[in-house]
Structure formats: C-alpha cells, structure tokens
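Below: one structure, written as structure tokens.
A, B, ... follow the sequence lines: proteins, then strands. Residue 1 opens every chain.
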Amino acid sequence: MSNSVVSVISRFLEEYTTTTPNKLKVVDAYLLYILLTGAMQFLYCLLVGTFPFNSFLSGFISSVGSFILGVCLRIQINPQNKGDFLSISPERAFADFLFAHTVLHLVVMNFIG
Amino acid sequence: MIRSKLFGLLLLSLALAGAPALTPSHHLSLSDVGRLQNLLNQPYTDLESAYYSVVGLTKLGAAVPNPAEVCQFLKSQLDPSSVDSLFFAAETSQAISGCEIPVSNETRDILLAAVSEDSSVSQIHRAVGALSALGLPLASQEVVGALTARINKEDNVMAIISALQTASCLSQQAELGGILEEIEDLTARLDDLGGIYLQFEEGLEATALFVAAAYGLSDHVDMEPPLKEDQVIQLVNSIFSKKSWDSLSEAFSVASAAAALSNNRFHVPVIVSAQGPATVSHNQPTLQLLVTDVMSQPLASANVMVESAYAVASKSVVLNQAPFTHNDGIFELNFMSSQPASGYYQFTVGVAGDTRLVANHVELKVKVSTEVAITNMDLSVVDKDQSIGTKTTRVQYPSKAKSSFTADSHQNFAMSFQLVDVNNDQELTPHQTFVRLHNQKTGQEVVFVAEPDSKNLYKFELDTADRKSEFDSMSGTYSLYLIVGDATLENPILWNVADVVLKFADEEAPAAAQPKTLYVPKPEIQHLFREPEKKPPTVVSNTFTALVLSPLLLLLILWFKLGANISNLSFSPSTILFHVGHAAMLGLMYVYWTNLNMFQTLKYLAIIGGVTFLAGNRMLAQKAVKRMEKK
C-alpha cells in the first residue's frame, strides 16, 4: 500500500517538474509560501492562544485570501485552460489579481488593529 | 337660517346636558372682586384710563367715588375732534348719572364721517359707541354695511370683537344676522387646553372681551349665543384663573366678562362651594353651601337640592332628592339627621330655579367624622406552651395599667380591644392602629400594626423570641402606646396603656442605640481599570514572528532556482509609473494601519489606484502586444 502511494507521489512530482511551464512553477512557489505563512499563523494560534483575536483573524484571512487569488491566477494563466477563459487574457488575469489584492489588503489592514 | 342653526345647537346642548358636565374650577371670590375693584379704583390721568376705571367699577356693581369730579375731569379732558376721546368721554358719562357731555354739530359730523368702510373696525366701534352714548341718531344699516366690509379685510380676533360690540349699539331692526354669525366663527377659533380652558391665543383680554361682547349682542337681539355649556364653563375657567391683572384694560375686560356672565338672558354659570370644609359631625350636623354666580354674588332665587348622595366605600345611597334650606344667603342641610356612618360620601347637588343656570349639577365630596372610643382593652401574658392559664387585665381608657407585664422568650404578650363609634356604637376600622413600644432607657422604639379579625376585634400579639431582631435583643422596660388615627376621626388617640418588661435571650452588651450613619461620607471606591490581557512572553512572540516570515526566504530561494528574473523589465514610462504606483499603494496600506481612517485611505487609494490602473493597463497592453508578436 505505502509502495503505491510513494510511487504515485514520485510519478506526480516527475510529471510536475517536466510538464509544467516555468511561469506556473513561479506561481506555485508563491502559493507554497502563502500556505506556509498561513500554517505558521495557525500554529501560533493553537499553541499560544487567540489574543489578540482580531489580528490573528486578519492575518489568517489574508493568507487564505491570497492563496485563493493565487490559485485563481494560476488557473487563468494556464495555457491548457485557454478554452475556458477565451475572453480573459493573462494580462487581464494579472490585473484582476492585483485589484482583488488591493481590496483584500484594505480589509485586512482595517481589521489588523 | 340662523334660527334653525341655533335651534339645532340648542337641542344639541340640551342633549349634552345629560352628560357628566364640567364644573368651573375658577371664579372671582369676594376677595378677588375686591382686588379687582382696587385696581380699577386707581387715580387716572387720561380719558382712556377714566373710561376703564369708571365703567369697570359700574360693571362690578361698585359705586364710583366722586362722580361730580369725574364729570368735571371728562369735560376738561375732552378733545371734540378725536373719535377716541369722544367715545371714552361719552361712555364714561353714561356710567355716571347726571353728567352730560356737550355736543356740537361738528362733533356729530366727525363721528358720522368716521362710520365708513375706510375707517378701521375699532374706529367704527368708537364712533358708533359715542353716537349712541351721546344720544345722537345714526343709520344702523350703513353701519352694518361698513362693518361687514371691514370684517372681510380685517380678520383678526380683536376686530371682530369690536364689530360685535358695535352691533349691540345698533337698532334691532337692522340686519345683524351676518355679524351674529361671527360669534360662531370666533368660538371655533378658541384654543381648547386640556378640556378645561378655552381661550384665544391673543390672550386673556381678547377672551374676556369676546365673552362680554357675545353676550351683549345676544341679549340685544334676544338670540341664544351658540356656546355650549361646557364651552361656557371652559371660558369661565380661562377668564377667572388669573387673579392679578397687569393693566387697567385687562382688569376692565375681566370686569366686563364677569358682569356679562352673571347677568345675561341665556347662560349664568353657577358656582357651588362648601362654606368651610365639607365636613359634618355630631357637633356640626349641617352641611353649608354657598351658591353664587361667577362674581360670588349669591343666587337668592335658587332651589338647591341633593339629587343623590352615596357612601364612597359601600356605594349605598343615603339621600335622594333632599332639599337644602335657604338661611341668610347660605344653603343648609342637616346631614346627620340621616344618621350616616362615618366616612366619605359623594353628593350630587343640583341647582334649579332658573333656566339660564349653567353647570348646575355639581359633585361634592362630604366627609362625616365621628369620635372613637376604645372598649374591652385586655392585656395578657400567655405562655407559649399554654400550660399556664392566661391572666387577663382589663384597662380603661385613658388610665394606665397599674402593674407592668413581664414577658420573656417563652411567653407571648397579647392585647385585644375594640374600637367603636361613640355616637352609634358601631365597630370602626380606622386606617391607623399602631402599637408602639418605647424603650425608656435607650430611646429605641418599635412600632407594630394591630389588625382586626373578621368580627372587627383588634388583636396584637408580641412573640418575644420571634421579634427579638426588631428590638436588637435589648431587654428592658418598654412603654406600650396605642395609636389610633383616621381622617374621619375627630379624636385621634395616643394612649400609654401599660409598661412591658421584655427579656430576651442572648442579650448583647447594651450599647446605646446608634443612629444609622447614613449621611457620613462613605469609603472611597477605587476604580479598577480593565486589566490588560495577559500577553505571551516576548521570546515566544519573536520566535513565531521569525517562523512566519521564514517562508518568504524559502520563496526567494525557490524563485531563484526556477530562474525567475526581471530581465524583461522594459523601462517605459508606464512600467515605471505602474511600479511606483503599486509601491505607493502598498505604502498607503502601511500608513492606513498606523495613522489614517478608512475614509482618508479610500480617498488616497482612489487617486493612487487610478494612476496605477491607467499605467498598469498601458503596461499590460504593451506586454500583450509583445506576446502576440512573439507568437
């Protein structure tokens, strides 16, 4: 059983490194970073406590929101998905990404306290 | 048409007479009339003051001092070319007998010329008043025409009141119907205050003059004014509620209103009040009532009768249709002859004898008081287990029991007595029946209530063990007092019945009874500010800050490994502007966190964001073109 899991994972990683274009890998690295940051914040909250709760929430929501927007960007600029996003060019996706981030950061900054 | 309208109103007012009517809450008492007369009796320096003074006094029925001097004054002050001067002089001379103002043809012409559509209503009133007082002929129909024309132009209250006053000087053959209708219009303009007062917003003088003018004109044409009974009473309340008057003209208006309301052909409000307090008792068995008009003049021809009287407590009717006897201006009724029990009685008194009387059904609360006697006062000390027989001592009021009673924690002290009405031997239950125990040494006193049982026998029991907290367990000799009181009792009682020695168990050292320290400054309260929440140690916080920031390092390493670079960065103005704008937006976020509020931030964001958007749009478009070219 563990064998198949290991083999699946190694196969996945191989395919990933070979077939994914560089641009997407850059975005994936960014997503990993966001994930780790969010995980660290959550760990702190679990271990030390929720004070101050509003700051924790704003930080965590920032991580989650950024992750989601990053995922959206990745989906939209993936050339394999071009058929689904005929009207949205990669530049347009990036512009949307920036605008959504502005709104997210406005809210996060308001809540951070 | 007016007649049918008035007739309809008459029927309506008769119908309303059955409803519980309003009674006057204010009128001119004899002292008020005296004060009014004194105010009107002031020395005067001009014709107008003389007019108010003299005519006002005659309206109150008072004698004018030195009529000859007044006449001389009028003649000397008269200005024959002024309509106002002629009016004041003429009216005042009419009030004094034997005073004649000389009249010339010029005077008559001046006065007649003033009666026209071009003069104000008050000018017309003064001219017509002067003409009629001086006995000069005038054309009533012309006056009516001029008045009607002026009323259309001058719609204010005082002008219409002057018109009413003018109309009462005219001949009865003239067409006064139009002016008569103005009474109804003015009534509609009165302000109703709480259902008790009815007055013009122009004030007391306007209201009083309106009443005088309305009744003057109604009497003149012999038509009942369209004022309902309740409205008349409300007007009475408004006019006579003020007991000190600011000016001579205000006093004059009140005097005119008082005269009009006490002596007109249609509505005479009746004031019924008790002479002294409305109380009857065995010593004073007659209820005395004063029945007067609004100026406190007694109505001699009235028939006063108790329509019904019932006891407030039991609602049983005591009197029905009992007449009062007239005795030298006061109406008397011997109420005690019906042998009422003590208490309060609600009387409905009706005044008849004149169809003009208004508010002639009055509700009056009468108190019947009596004297109380305490009988069968028995004191005893009862053992709690009741194994030892009780020894009852009878005490007679007002003496005190010869020996004192002792009660310790195993015993109860008991008291029973009866309260009876001296006059008819009925048992009474007064409002206050208290038993007061007063410690002779410490001054401490405790008061209990004695309650009657179903047979109206009062009982009081003192359980020594139970009640020790009230006494602070202070043993000693207490004087026992019985306090009996009630509003209907003429002889409230404070009776030192006996001395009681109380022995409490667990007695503390007898400390003097301390007055409660209620008014001494209390200990200061220190405000406890909200404790700030416990923060984790700085080490932990710093560690986690480093941990949270560390993925950034990882990101940079990964990007470097992937070969992400900025080699394609073209230094076109839009690119630079975009990056600068974007950096500015991120900087704004930081400044928002530290300094600004949302509104300011949105303002700056709009500006910077707009610039960044335009630049970014241009930059991305250039990139897209480059991408297309590459393909």
Side-chain angles (χ1 to χ4, degrees), chain A residues 17 20-53 55-56 58-60 62-63 70 77 79 88-99 101-113, chain B residues 532-537 539-541 543-565 578 581-582 585-586 588-594 596-598 601-602 604-606 608-609 612-613 616-628 631:
Chain A
T17 42
T20 358
N22 233 10
K23 230 185 220 178
L24 293 182
K25 280 197 195 150
V26 166
V27 179
D28 285 338
Y30 168 73
L31 290 175
L32 179 66
Y33 151 66
I34 293 288
L35 186 76
L36 286 177
T37 313
M40 282 295 123
Q41 288 179 358
F42 192 65
L43 191 67
Y44 172 87
C45 179
L46 279 181
L47 290 181
V48 185
T50 57
F51 180 77
F53 195 48
S55 305
F56 160 69
S58 99
F60 195 65
S62 171
S63 309
I77 63 175
I88 303 178
S89 63
E91 284 76 27
R92 171 70 197 278
F94 183 63
D96 286 343
F97 174 79
L98 283 181
F99 176 68
H101 258 288
T102 310
V103 175
L104 177 68
H105 277 95
L106 202 61
V107 173
V108 162
M109 280 302 165
N110 189 28
F111 206 48
I112 205 164
Chain B
E533 289 207 28
K534 276 185 60 181
K535 282 194 273 211
V539 178
V540 177
S541 304
T543 318
F544 271 96
T545 311
L547 270 177
V548 166
L549 289 175
S550 57
L552 186 64
L553 198 62
L554 178 68
L555 176 70
L556 289 172
I557 294 171
L558 278 173
W559 272 356
F560 182 70
K561 275 189 69 182
L562 283 170
N565 51 33
F578 167 75
H582 193 223
M585 285 206 309
L586 293 173
L588 179 66
M589 288 296 135
Y590 176 73
V591 174
Y592 175 33
W593 182 35
T594 49
L596 306 171
N597 62 34
M598 179 63 100
T601 314
L602 282 176
Y604 295 132
L605 193 65
I608 301 174
T612 313
F613 169 73
N617 199 18
R618 175 73 86 70
M619 181 193 80
L620 286 172
Q622 285 170 355
K623 276 208 152 239
V625 164
K626 258 198 239 163
R627 186 164 55 86
M628 287 293 144
K631 278 223 182 119

Which label fits H101(A) and F97(A): parallel for a plane angle under 30°, tilted from 30 to 60°, or perpendicular past 60°? perpendicular
Which atoms of L554(B) approach chain A - backbone, side chain, both or neither, heavy atom under 4.5 Å: side chain
Taking all heavy atoms of Y592(B) and all of T601(B), pick out the closest pair and write down the distance. CD1-OG1, 2.9 Å
For L588(B), which atoms come within 4.5 Å of any heavy atom of chain A: side chain, backbone, both, or neither? neither
Cut-off 4.5 Å, heavy atoms of chain B, and the answer for V26(A) is both
Residue I34(A) versus chain B: region with a heavy atom under 4.5 Å: neither
Using non-hydrogen atoms only, which part of L602(B) is less than 4.5 Å away from chain A: side chain, backbone, both, or neither? side chain
Which is it for V27(A) and K23(A) under the side chain to side chain contact (heavy atoms under 4.5 Å, CB included) test, yes or no, and what are the steps along the way? CA-CA 7 Å; V27(A) 179; K23(A) 230 185 220 178; 5.9 Å; no
Okay, L35(A) and chain B: the region with an atom under 4.5 Å from a heavy atom over there is neither
With a 4.5 angstrom heavy-atom cut-off, could you sort out which part of F578(B) is near chain A: side chain, backbone, both or neither? side chain
Can you tell which part of M589(B) gets under 4.5 Å to a heavy atom of chain A, answering side chain, backbone, both or neither? both
Sole candidate of R618(B), R627(B), K626(B), K623(B) that passes salt bridge (charged side-chain N to carboxylate O under 4.0 Å, His left out) when paired with E91(A): R627(B)
Is any side-chain heavy atom of M628(B) closer than 4.5 Å to one of V625(B)? no
Between S55(A) (side chain only) and I112(A) (backbone N and O only), is there a donor and an acceptor less than 3.5 Å apart? yes
Given the options P90(A), S89(A), G49(A), which has more heavy-atom pairs under 4.5 Å with chain B than any of the others? P90(A)
Counting heavy-atom pairs under 4.5 Å to chain B, which of T102(A), V108(A), L32(A) comes out on top? T102(A)
